[in-house]
Trainee: 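Dumping the structure here so I can ask a few things about it.
The figures that follow rest on heavy atoms only: side chains count, while hydrogens, waters and symmetry mates do not.
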Amino acid sequence: MLELDCDNCSNATMQGLRALQHDVLERLARGRPLQETMNELCRRAEQLVPHVICSVLTVDREGRLHPLAGPSLPEHYSLALDGMRMGPDAGSCGVAAYFGEPIEATDIETDPRWADFRALALPLGLRACWSSPIRASNDRVVGTFAFYYPSCRGASPLDRTIVDTCVHLCAIALEQEERKEHIRRLAYFDAVTGIANRAAMEQLGESAIAAAVANGFGAAIHCVDLDNFKEINDTLGHRAGDILLKSVGERLSAIVKKGDIVARIGGDEFAVVQSHAASPADVGGFAMRLMEAMTAPFDLEEAMATVGVSVGIARAPDDGFDLRTLMRKADFALYEAKSSGRGHFRFFDPGIESRISANRRIWQDLKQSVDGGEFELHFQPIVALGVARVCGYEALLRWRHPRDGLRTPEDFLPVATKAGLLYEIGAWILNEACASAAALPPDARVSVNVSEVQLEKTGFARDVAAALAGADMDPSRLEIEIAGPLRLDDNAEILSCLTAIRQLGVSIALDDFGAGGATLAHLRALPVDRVKVGRSLTQAVATDPRAATIVKALVVLAHDLGVATTAEGVETDAQLRMMRQFGCDEIQGFVVSPAQPLSAFLEGADSARPPLSLA
């Protein structure tokens with residue numbers, strides 16, 4: 001309890017002051033709302049000092065004053081003070097907060113510190129004001145407590161005793177509220193960005209969505225993912241990453257409307273609850289504004305950076321009524337947006353959920369497929385047109401799934417890539433293909449597709465050498481096909497790896513050349529022995545003169561560079577004739593044979609011999 005000391009107080013006043021103190025402390029202990037408690041304190045103080053009007057203002061960290069309690073003051077008066085800056089001429093309360101000392105204005109009409117505010121006070125009959133600073137335990141001014149008088153006068157000894165007690169009680173109350181606010185911010189606000197966190201989103205988002213649906217507005221959840229945050233964090237450091245996250249939060253907050261919610265829900269993921277979303281056009285328009293807000297470069301102090309975003313959207317009530325369901329579906333849509341090449345937004349639809357569920361099943365099954373012996377290689381023969389005979393085989397992966405049967409790479413390799421299993425699977429293919437070569441004709445080469453992930457891994461050339469040694473295979477019989485596009489802006493590691501592989505005596509081929517995979521830039525930059533004309537170009541040569549011209553030019557160009565050519569996907573006699581006419585060295589495709597198990601090409605098997613039309 002606070003010590004009360006008043007030589008000039010009557011017993012009744014002392015009892016009233018003790019009762020005020022007891023009641024306020026009890027309210028604080030019971031966690032009653034701060035404003036309600038402070039209003040009660042003012043009313044009780046006004047009862048102890050007749051004809052006095054009390055007020056409590058808070059002071060924020062920017063030095064602005066905000067009305068907290070003043071039950072006997074008109075609302076318009078309190079509102080006029082809201083946001084007022086403390087200063088040497090800001091009325092009794094503003095000056096008291098500024099200097100941290102009690103300020104007595106015994107005549108508001110003539111006091112120069114009231115020059116800007118006397119027109120507010122005098123019409124209300126407020127003639128004098130005594131304001132005292134409220135200090136926290138660290139001595140920071142957190143508020144003011146004021147007595148307004150209806151006559152020009154100063155504070156009496158009784159007034160001073162009552163104000164001392166009230167200021168102490170206010171200090172306890174305001175500091176307790178600050179602690180509660182600090183705990184609340186830790187619990188519900190993100191420490192890096194200052195915006196709401198996942199816990200706040202779960203609490204506020206649920207009610208916002210329910211209210212929007214109940215009022216017929218509809219609502220939408222936008223899950224936002226930064227497209228290259230990790231690269232910025234890794235290259236510029238975590239401070240730059242934090243600045244970026246804070247800036248993203250600020251830009252998102254700047255475009256939302258009242259009632260919307262912006263939150264950081266983890267890592268580089270944000271979420272926005274759009275509380276007025278009447279139509280898909282409204283939602284799509286907001287998503288576009290969101291993405292446009294991220295296009296300007298971010299100032300990260302030591303560098304400028306541009307960051308794209310991907311957005312997944314779920315709508316209420318169309319996709320669900322509760323936040324958890326909508327967040328899950330917005331996540332599905334975000335996954336689809338990122339799979340589309342990033343920098344896109346996607347609405348949820350049931351097909352997305354089905355595809356993702358299927359991919360998750362594949363993911364789970366893939367983890368045990370290598371050790372479980374479920375992978376196998378099929379081989380497609382490659383025919384040398386000059387001698388009309390098989391000169392090699394391309395090893396192609398198949399997955400003998402225990403439930404779904406035989407599956408081709410198109411069904412599962414994208415999932416394997418995301419699961420980080422591509423290198424392990426690629427290593428199995430390499431070793432199995434080299435081991436299988438022993439069963440094939442000794443002059444036939446074996447082609448193996450290799451991804452960028454494998455080429456970038458330190459020691460891959462040693463892995464190739466180990467596979468050759470383990471199978472006792474002549475290196476000249478192995479050909480590494482570079483599958484898919486490679487980055488050429490920073491290819492020193494890949495170039496070194498390919499050079500080391502060629503030094504082993506292994507040949508290098510560019511797969512799917514001219515049709516979305518390898519390009520002329522790759523042909524110039526990388527050490528290659530062969531280009532494989534892409535399937536889509538090959539299959540168009542007999543019907544599309546432009547495609548025929550392109551393929552013919554590619555063959556001539558490759559030969560001028562001393563590089564051999566193989567046409568993939570040859571399926572008809574017409575395509576075969578065109579490839580022969582263009583001078584292509586080799587072909588592979590259904591016109592020869594589909595990819596089949598190794599047993600189909602062992603000595604004596606009919607399918608090992610090319611059809612007579614090739615002769």
Side-chain angles (χ1 to χ4, degrees), residues 370 373-400 406 408-409 425-451 454 461 463-483 501-502 504-511 528-532 535 564-571 576 579 584-615:
V370 177
E374 296 172 10
F375 285 139
E376 59 186 64
L377 290 182
H378 285 198
F379 294 83
Q380 185 169 43
I382 302 168
V383 170
L385 291 178
V387 293
R389 69 177 181 85
V390 174
C391 59
Y393 297 85
E394 181 176 358
L396 299 169
L397 181 64
R398 298 293 183 265
W399 181 11
R400 186 74 63 177
L406 197 66
T408 59
I425 293 172
W428 181 89
I429 295 172
L430 176 63
N431 284 283
E432 185 69 13
C434 290
S436 300
L440 293 169
D443 58 348
R445 74 175 185 275
V446 175
S447 299
V448 177
N449 286 283
V450 171
S451 68
Q454 293 170 274
D463 293 345
V464 173
L468 290 167
D472 194 22
M473 181 180 179
D474 185 335
S476 65
R477 294 186 61 199
L478 178 63
E479 184 165 83
I480 295 296
E481 291 189 17
I482 302 174
I501 290 173
R502 286 189 89 204
L504 295 173
V506 175
S507 59
I508 306 293
L510 289 177
D511 192 25
V528 297
D529 303 283
R530 183 182 314 279
V531 295
K532 302 189 74 172
R535 180 185 305 274
T565 55
T566 301
E568 300 179 283
V570 179
E571 297 185 353
L576 170 60
M579 290 303 168
C584 192
D585 299 302
E586 301 171 350
I587 64 160
Q588 70 180 92
F590 285 5
V591 75
V592 179
S593 169
Q596 299 184 70
L598 179 63
S599 58
F601 301 104
L602 298 182
E603 187 175 354
D606 290 339
S607 56
R609 294 189 295 272
L612 292 177
S613 60
L614 291 177

Trainee: Between atom CG of Asp511 and atom OG1 of Thr566, what is the distance when rounded to the nearest 0.5 Å?
Mentor: 10.0 Å
Trainee: Please determine whether side-chain contact (heavy atoms from CB on, under 4.5 Å) holds for the pair Ser436 and Tyr393, giving the CA-CA distance in whole Å, both sets of side-chain angles, and the decisive distance to 0.1 Å.
Mentor: CA-CA 11 Å; Ser436 300; Tyr393 297 85; over 6 Å; no
Trainee: Once you measure the plane-to-plane angle for Phe375 and Trp428, does it fall in the parallel (<30°), tilted (30-60°) or perpendicular (>60°) bin?
Mentor: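 Rings of Phe375 and Trp428: tilted, as their planes differ by 30° to 60°.
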Trainee: Measuring only between side-chain heavy atoms, which start at C-beta, is Val383 closer than 4.5 Å to Val390?
Mentor: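 Val383 reaches Val390 side chain to side chain.
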Trainee: For the pair Arg477 (side chain) and Val446 (backbone), establish whether a donor and an acceptor sit closer than 3.5 Å, ignoring hydrogens and angles.
Mentor: no
Trainee: Could you pull out the closest heavy-atom pair between Leu430 and Ile480, with the gap in Å?
Mentor: CD1-CD1, 4.4 Å
Trainee: For side-chain contact (heavy atoms from CB on, under 4.5 Å), just list the numbers for Leu576 and Leu385, CA-CA rounded to whole Å, side-chain angles, deciding distance to a tenth of an Å, and then say yes or no.
Mentor: CA-CA 9 Å; Leu576 170 60; Leu385 291 178; 3.7 Å; yes
Trainee: Among Glu394, Glu479, Glu568, which residue meets the salt bridge (Lys or Arg N to Asp or Glu O under 4.0 Å) test with Arg530?
Mentor: Glu479
Trainee: Provide the closest heavy-atom pair for Phe379 versus Ala395 in the form atom of the first, atom of the second, distance.
Mentor: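 Closest pair (atom of Phe379, atom of Ala395, distance): CE2-CB, 3.8 Å.
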Trainee: Roughly how far, to the nearest 0.5 Å, is the CG atom of Asp585 from the CD1 atom of Ile382?
Mentor: 12.0 Å
Trainee: Compare every heavy atom of Pro594 with every heavy atom of Pro381, then report the nearest pair and how far apart it is.
Mentor: CD-O, 4.3 Å
Trainee: Is there a side-chain contact (heavy atoms from CB on, under 4.5 Å) between Met579 and Thr565 once you walk through the steps?
Mentor: CA-CA 10 Å; Met579 290 303 168; Thr565 55; over 6 Å; no
Trainee: Grab the two heavy atoms, one from Ala467 and one from Cys434, that are nearest each other, plus how far apart they are.
Mentor: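 Looking at all heavy atoms of both residues, the shortest contact is O-CB, 3.8 Å.
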Trainee: Looking at side-chain heavy atoms only, is the closest gap between Glu481 and Val450 below 4.5 Å?
Mentor: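 No, too far: nothing below the 4.5 Å cut-off.
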Trainee: Quick check: closest heavy atoms across Leu478 and Met473, and the distance to 0.1 Å?
Mentor: N-CE, 3.7 Å
Trainee: Could you walk me through whether Gln588 and Val570 pass the side-chain contact (heavy atoms from CB on, under 4.5 Å) check?
Mentor: CA-CA 6 Å; Gln588 70 180 92; Val570 179; over 6 Å; no
Trainee: Indicate yes or no: at least one non-hydrogen side-chain atom of Leu598 is less than 4.5 angstrom from one of Leu440.
Mentor: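 In short, these two side chains touch, coming nearer than 4.5 Å.
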Trainee: Checking His378 against Gln380: is there a side-chain donor and acceptor pair closer than 3.5 Å?
Mentor: no
Trainee: Does any non-hydrogen side-chain atom of Glu571 lie less than 4.5 Å from one of Val591?
Mentor: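 With C-beta onward as the side chain, the pair stays apart.
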Trainee: Which heavy atom of Arg535 sits nearest to which heavy atom of Gly569, and what is that distance?
Mentor: NH1-CA, 3.4 Å
Trainee: Looking at side-chain heavy atoms only, is the closest gap between Leu396 and Asn449 below 4.5 Å?
Mentor: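 In short, these two side chains touch, coming nearer than 4.5 Å.
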